[in-house]
Number of protein chains: 2
Amino acid sequence: MNRKICKVEIERLRRFIPERDHFETRTQKLISLVDRLDEEALSSEVKIFKAFADINRLKIVKLLKEGELCVCELTVALDNSQSTVSHHLSILKNAGVIKERKEGKWSYFRLSDGAVIGLLNQAKLLMEE
Amino acid sequence: MNRKICKVEIERLRRFIPERDHFETRTQKLISLVDRLDEEALSSEVKIFKAFADINRLKIVKLLKEGELCVCELTVALDNSQSTVSHHLSILKNAGVIKERKEGKWSYFRLSDGAVIGLLNQAKLLMEE
DNA sequence: AATTCATATCTACAGGTATCGATATGATTT
DNA sequence: AAATCATATCGATACCTGTAGATATGAATT
């Protein structure tokens with residue numbers, strides 16, 4: 001997760017900073033704002049959004065709104081290979097979106113809580129505007 | 001976006017369907033549920049989640065909560081190359097998350113509306129649980 | 001009109017990720 | 001204990017994506 005730092009570019013931009021009204025104070029404010037961002041918290045947010053950023057995983061989430069399901073049911077419903085479904089489930093689980101319950105040979109998955117549905121609704125709202 | 005269909009796998013699973021209580025009706029219900037999902041709408045949702053699924057784009061969104069900013073300000077604040085920032089902005093714009101306003105040489109970007117902030121809050125909620 | 005500047009686009013590349021088949025694991029059934 | 005079954009993990013592969021430098025574009029300045 002280490003971005004390459006582009007110092008040359010920054011210097012190039014800094015050269016004209018004093019020439020524009022308020023530019024320096026504005027950018028200083030922005031820089032300190034970025035510095036105050038919690039990188040770890042941001043990474044968690046990214047992880048959640050990544051979890052939702054795949055059509056098959058979205059389908060899984062929408063199916064799980066109907067209730068708990070096992071891997072084999074999801075495999076049939078999604079028409080994907082079992083290993084693929086398993087992979088998607090582990091990403092969703094790792095992001096905290098879904099929870100697992102083992103029962104004998106079966107693993108049942110369910111949505112973590114109502115926040116997921118709220119998230120989806122917000123996204124839809126954003127989309128419709 | 002064309003998933004490969006894994007018929008063999010499905011057939012393998014179908015063989016034991018009649019042997020489990022309610023499995024057939026359950027999976028039939030799930031399959032028809034998936035069939036009724038609007039692929040195009042799902043793709044839009046995925047596009048939005050993808051827009052948020054990068055740490056630099058999240059930072060841009062958080063910076064834009066402070067108000068309208070031009071590309072060069074974001075470039076300094078994020079310490080990324082100009083082309084990279086421009087690329088991220090085009091993804092956010094394409095997903096409908098931000099809007100652009102041109103003024104002379106400058107391009108100013110702003111958040112589309114309050115839905116973004118709601119979306120972020122929902123994600124945070126989900127994360128904290 | 002020539003230069004400078006802000007931004008967008010193109011090109012290349014490294015790392016990430018979705019997918020599947022094959023195999024491993026761990027439970028259940030025979 | 002051997003076989004079967006559900007799921008997870010591994011290995012390979014093709015595609016996707018974030019990044020930066022180079023170049024193009026279009027506006028403002030000289």
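Just so we're on the same page: letters track the sequence lines, and every chain starts at 1.
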How many Å lie between [atom1] on [X] and [atom2] on [N], as a whole number?
| X | N | atom1 | atom2 | value |
| --- | --- | --- | --- | --- |
| B/L78 | D/dA20 | CG | C1' | 15 Å |
| B/E100 | C/dT9 | CD | C1' | 14 Å |
| B/I98 | C/dT7 | CD1 | P | 13 Å |
| B/D54 | C/dG16 | CG | P | 13 Å |
| B/N56 | C/dG16 | CG | C1' | 15 Å |

Which nucleotide wins on minimum distance to the side chain of [X], given the candidates [options]?
| X | options | result |
| --- | --- | --- |
| B/R57 | D/dG18, D/dT17, D/dA8 | D/dG18 |
| B/H87 | D/dT19, D/dT7, D/dA8 | D/dT19 |
| A/C72 | C/dT19, D/dT7, D/dA8 | D/dT7 |

Taking the side chain as C-beta and beyond, is there a heavy-atom pair between [X] and [Y] under 4.5 Å?
| X | Y | answer |
| --- | --- | --- |
| A/C70 | A/F109 | no |
| B/R110 | B/L64 | no |
| A/V85 | A/L89 | yes |

What does A/S107 touch in the nucleic acid at a heavy-atom separation under 4.0 angstrom: a base, only the sugar-phosphate, or nothing?
sugar-phosphate

Please list residues of residues 88-95 of chain B whose heavy atoms come under 4.0 Å from any atom in DNA chain C, ordered by number; otherwise none.
none

Quick one: pull up NZ in A/K50 and CG in A/N94 and give me the separation to the nearest 0.5 Å.
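CG of A/N94 is found 12.0 Å from NZ of A/K50.
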
Measure the CG-CD distance between A/N121 and B/Q122 for me, rounded to the nearest 0.5 Å.
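One gets 8.0 Å once the value is rounded to the nearest 0.5 Å.
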
Nucleotide by nucleotide, 5' to 3', does protein get under 4.0 Å of the base (B), only the sugar-phosphate (S), or neither (-) in nucleotides 22-30 of chain D, counting heavy atoms?
B----SS--

Could you check A/T84 against B/V71 and say which one's nearest nucleotide on DNA chain C is further toward the 5' end?
B/V71

A/L69 vs A/L63, side chain to side chain contact (heavy atoms under 4.5 Å, CB included): CA-CA, chis, key distance, verdict:
CA-CA 8 Å; A/L69 292 171; A/L63 286 171; 4.0 Å; yes

Taking 4.0 angstrom as the limit, do [X] and [Y] come out as a salt bridge?
| X | Y | value |
| --- | --- | --- |
| A/K62 | B/E45 | yes |
| B/R101 | B/E103 | yes |
| A/K59 | B/E39 | yes |

Report yes if a side-chain nitrogen or oxygen of A/N80 is closer than 4.0 Å to either non-bridging phosphate oxygen (OP1 or OP2) of C/dA18; otherwise report no.
no

